[in-house]
Amino acid sequence: MANSGLQLLGFVLAMLGWIALIAATIMPQWKMSSYAGDQIITAVAIYQGLWMSCAIQSTGQMQCKVYDSLLQLDASLQATRALMVVSIILGIFGVAISTMGMKCTNCGGDDKVKKARMAMTGGFVFLLGGLAALIACSWYGNQIIRDFYNPLLPINTKYEFGAGVFLGWAGSFLVLIGGGLLSCSCSRKNNYQKEYPKSGAKSKAPSSGRDYV
């Protein structure tokens, strides 16, 4: 039953990673204002996410504003948005397909080979979703680093990594590991035993006697 346990472990890891990707996509803390250099530390922290920007005061009050126009956003933010949405959608399909293909469920039929192939397909879908999220987070993080070390930008416009990027990275790695375990859980051994036709009639022993007329 090790194969079934491997499927269950991969599904749980992929599910946890998928939930983390959803939370990271919603979070506004993808990058936060930097206090590097001689910048005076203010009582307001600025956060920017994929969908909105927020200002958090020292008193704990948060004011957020959704981005007004999609065309005003830079290309890296638009690409990150698209890839994260694609990864979440792929995660939905991965959950559905893997659930039908796991051995511990009964919703995919009784054919063991068909269920194993469905579980493997769900693992591949998870792998694609995790790869899309990993590319999105890495792309966004690379843009933060480039802007931070750009000498032409003012210090007060530079940002550092926020919690959303780290959560996205963690979720994408969990989805990749879970999808890999689901893809490798397909048994290569043939579970069928070949059935050979049994001899219908037993051969009669030759008669030792003689027939007389």
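The same ILVMFWY cluster, assembled from side-chain heavy atoms under 4.5 Å apart, contains both I97 and I19. In the hydrophobic clustering of this structure, V86 groups with I26; members are Ile, Leu, Val, Met, Phe, Trp, Tyr whose side-chain heavy atoms approach within less than 4.5 Å, directly or through other members. Follow the hydrophobic side-chain contacts under 4.5 Å out from V66 and you never reach L73; the two are in separate clusters. V85 and V95 fall within the same hydrophobic cluster, defined by Ile, Leu, Val, Met, Phe, Trp and Tyr side-chain heavy atoms under 4.5 Å apart, directly or through other members.
For the side-chain contact (heavy atoms from CB on, under 4.5 Å) test, residues two or more places apart in sequence or in another chain that qualify with A55 are V44, I46. For D68, the salt bridge (charged side-chain N to carboxylate O under 4.0 Å, His left out) partners at least two apart in sequence or on another chain are K65. Looking at residues two or more places apart in sequence or on another chain, you find a side chain to side chain donor-acceptor pair (under 3.5 Å) between Q143 and D147. Listed by chain and residue number, L13, L181 satisfy the side-chain contact (heavy atoms from CB on, under 4.5 Å) test with I177 (two or more places apart in sequence, or in another chain). Remark: S138 engages W169 in a side chain to side chain donor-acceptor pair (under 3.5 Å) (not counting sequence neighbours). Applying the side-chain contact (heavy atoms from CB on, under 4.5 Å) test to A136 and every residue at least two apart in sequence or in another chain returns T80, L83, M84. Remark: Y140 engages W30 in a ring-ring contact (aromatic ring centres under 6.0 Å, His included) (not counting sequence neighbours). Evaluation of the side-chain contact (heavy atoms from CB on, under 4.5 Å) rule for Q63 yields no partner, not counting sequence neighbours.
Under the 4.5 angstrom side-chain criterion for Ile, Leu, Val, Met, Phe, Trp and Tyr, the cluster partners of M27 are L167.
For residues 123-132, there are no side chain to side chain donor-acceptor pair (under 3.5 Å) pairs, not counting sequence neighbours. Within the structure, ring pair (Phe, Tyr, Trp, His ring centres under 6.0 Å) pairs that include any residue of residues 46-69 do not occur (at least two apart or interchain). Residue pairs meeting the ring pair (Phe, Tyr, Trp, His ring centres under 6.0 Å) criterion with at least one member in residues 73-101: none, sequence neighbours excluded.
In this structure, T121 OG1 and M100 CE are separated by 9.5 Å, a value rounded to the nearest 0.5 Å.
With hydrogens and angles disregarded, a donor-acceptor distance shorter than 3.5 Å links the side chain of K158 to the backbone of F148.
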